[in-house]
*Asks:* 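Provided herewith is a single structure, encoded as structure tokens, for subsequent inquiry.
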Amino acid sequence: MTDHDTETPRTDDDPTAASTVPTEAGTASAAARTDAIPTPFGAARPGPAAHPALDALVGTVDRLLSEGGCPWDREQTHRSLARYLLEETYETLDAIETDDGSPAATEALREELGDVLYQVLFHARLAQTEGRFDIDDLAKAVDRKMRDRHPHVFGDAHADTPEEVVAVWDAAKAREKSDRTSVLDGIPQAMPALALADKVIGRAHRLGLLDATRPGAFAVDTEEELGRLLLAVVASAKASGMDAERALRSTLRDFQAEIHTAERAAGDAGVIGVAEPSED
């Protein structure tokens with residue numbers, strides 16, 4: 001947001017504002033009705049702004065990065081802040097995975113999500129300083145993306161089941177990413193090895209290079225069993241003086257090379273498609 005000194009809208013400028021003064025009883029009744037109805041996410045709220053606390057946080061970031069602000073903050077770059085974004089993301093994941101709905105867990109989730117939000121605002125303000133984009137540009141872009149990928153909500157498309165939603169999403173994404181030539185395009189190679197393996201295997205399923213319906217090499221029925229198996233593999237690697245992360249990454253590089261080879265062999269036969277939604 002590039003301008004934080006916009007004038008607060010006046011009530012008498014609102015064509016929907018009531019023209020009569022409510023009675024005390026009427027005011028109490030209206031307040032009771034308002035308290036009984038939850039405010040929808042993103043809906044307009046009483047006061048000068050729909051999200052005054054969010055606007056205040058944007059102002060705080062502006063102040064920290066402006067002349068006379070925080071010397072440490074003003075020295076930061078996107079690259080120097082990258083590790084903090086990663087750290088806050090991991091802390092948020094931990095809060096999500098340990099969330100039991102208790103007040104303490106709720107507070108932890110609120111705090112960690114807030115820390116991630118702060119990182120996003122910080123990076124957006126840096127980009128604004130660089131003359132690249134600001135937080136409004138960022139919000140507009142992701143809003144447009146979500147609307148384009150949900151034409152069954154914001155357009156004329158129809159999708160009544162999760163499977164149909166995936167198909168609509170993928171079709172929209174394919175139009176956006178028409179310059180991509182491989183199912184592997186868009187996968188961040190810096191992902192942790194296990195997450196990267198899951199993503200690459202999903203793309204291999206698209207090509208038919210792996211059969212998604214074929215039983216796995218190990219029979220596991222629960223995530224607890226899977227976790228113990230993975231831990232045993234890592235323990236075995238460590239006992240042998242091997243780096244499990246590096247070993248899996250090395251294998252994944254070879255596997256991705258096989259996928260690229262299969263794609264080149266397929267040519268333009270229409271083999272490359274999309275079958276699973278992704279957030280990139």
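We use all heavy atoms of the structure for the numbers below, so side chains are in, but hydrogens, waters and symmetry mates are not.
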*Asks:* Parallel, tilted or perpendicular: which fits the ring planes of H78 and H123, with parallel below 30° and perpendicular above 60°?
*Replies:* parallel
*Asks:* Just by distance, do the side chain of S80 and the backbone of T77 share a donor-acceptor pair under 3.5 Å?
*Replies:* yes
*Asks:* Could you give the distance from CD1 (I259) to CG (L184), rounded to the nearest 0.5 Å?
*Replies:* 4.5 Å
*Asks:* Can you find a heavy atom in the side chain of I201 that is under 4.5 Å from one in the side chain of F255?
*Replies:* yes
*Asks:* Roughly how far, to the nearest 0.5 Å, is CD of E223 from CZ of R228?
*Replies:* 13.5 Å
*Asks:* Spell out, as yes or no, whether a donor-acceptor pair under 3.5 Å connects the side chain of E88 to the backbone of Q119.
*Replies:*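 No: the side chain of E88 does not pair with the backbone of Q119.
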*Asks:* Under a 4.0 Å threshold between the charged nitrogen and the carboxylate oxygen, would D243 count as salt-bridged to R246?
*Replies:*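 Answer for the salt bridge query: yes.
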*Asks:* Hydrophobic clusters here meaning ILVMFWY residues chained together by side-chain heavy-atom distances under 4.5 Å, can you tell me if L196 and L230 are in one?
*Replies:*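 L196 clusters together with L230.
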*Asks:* Answer yes or no: does atom CD of E130 have more than 12 heavy-atom neighbours from other residues, nucleotides or ligands under 6.0 Å?
*Replies:* yes
*Asks:* Using 0.5 Å steps for rounding, measure from the CG atom of D136 to the CD atom of Q128.
*Replies:* 9.0 Å
*Asks:* As an exercise, state the distance from CD of E91 to CG of L93, rounded to the nearest 0.5 Å.
*Replies:* 10.5 Å
*Asks:* If I compare all heavy atoms of E225 with all of V220, which pair ends up nearest, and what's the gap?
*Replies:* OE1-CA, 3.7 Å
*Asks:* Decide whether I135 and L54 are clustered together by the hydrophobic rule: side chain heavy atoms of Ile, Leu, Val, Met, Phe, Trp, Tyr closer than 4.5 Å, transitively.
*Replies:*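 In one cluster: yes.
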*Asks:* For a 4.5 angstrom cut-off between non-hydrogen side-chain atoms, does L121 reach L117?
*Replies:*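 Result yes, sub-4.5 Å side-chain heavy-atom pair found.
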*Asks:* Give a yes or no answer on whether the side chain of R249 reaches the backbone of Q189 with a donor-acceptor pair at less than 3.5 Å.
*Replies:* yes
*Asks:* Check for me, please, whether I96 and Y90 land in the same ILVMFWY cluster - side-chain distances under 4.5 Å, paths through other members count.
*Replies:* no
*Asks:* Check the surroundings of atom CZ in R74: do more than 12 heavy atoms from other residues, nucleotides or ligands lie under 6.0 Å from it?
*Replies:*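 For R74, atom CZ is crowded (more than 12 foreign heavy atoms under 6.0 Å).
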*Asks:* What do the steps show when you test T261 against R264 for side chain to side chain donor-acceptor pair (under 3.5 Å), and what is the final call?
*Replies:* CA-CA 5 Å; T261 298; R264 287 193 295 270; 3.3 Å; yes
*Asks:* I'd like to know whether CZ of F154 has more than 12 heavy-atom contacts from other residues, nucleotides or ligands below 6.0 angstrom.
*Replies:* yes
*Asks:* Hey, does the side chain of D185 reach the backbone of S182 with a donor-acceptor pair shorter than 3.5 angstrom?
*Replies:*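 Yes: the side chain of D185 pairs with the backbone of S182.
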*Asks:* Would you please test H152 and H158 for ring-ring contact (aromatic ring centres under 6.0 Å, His included) and show each step?
*Replies:* CA-CA 5 Å; H152 54 293; H158 297 283; 9.9 Å; no
*Asks:* In the structure I gave you, are the side-chain heavy atoms of V61 and D73 within less than 4.5 Å of one another anywhere?
*Replies:* no
*Asks:* Less than 4.5 Å apart, any side-chain heavy atom of V168 and any of P151?
*Replies:*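 V168 vs P151: side chains touch.
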*Asks:* Same cluster or not: L248 versus V234, using hydrophobic residues (I, L, V, M, F, W, Y) connected whenever any side-chain heavy atoms lie under 4.5 Å apart?
*Replies:*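 In one cluster: no.
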*Asks:* What's the separation between atom CG in L109 and atom OG in S102, rounded to the nearest 0.5 Å?
*Replies:*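 Answer rounded to 0.5 Å: 10.5 Å.
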*Asks:* Just wondering, do F122 and L65 contact through their side chains at under 4.5 Å, heavy atoms?
*Replies:* yes
*Asks:* Check for a donor-acceptor pair, side chain of D148 on one end and backbone N or O of K145 on the other, with a separation under 3.5 Å.
*Replies:* no
*Asks:* In Å and rounded to the nearest 0.5 Å, what is the OG to CZ distance from S66 to R125?
*Replies:*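 Going from OG on S66 over to CZ on R125, the span is 4.5 Å.
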*Asks:* Can L113 be reached from L138 by stepping across I, L, V, M, F, W or Y side chains whose heavy atoms are under 4.5 Å apart?
*Replies:* no
*Asks:* Is E111 close to D115 at the side-chain level, that is, under 4.5 Å between some pair of heavy atoms?
*Replies:* yes
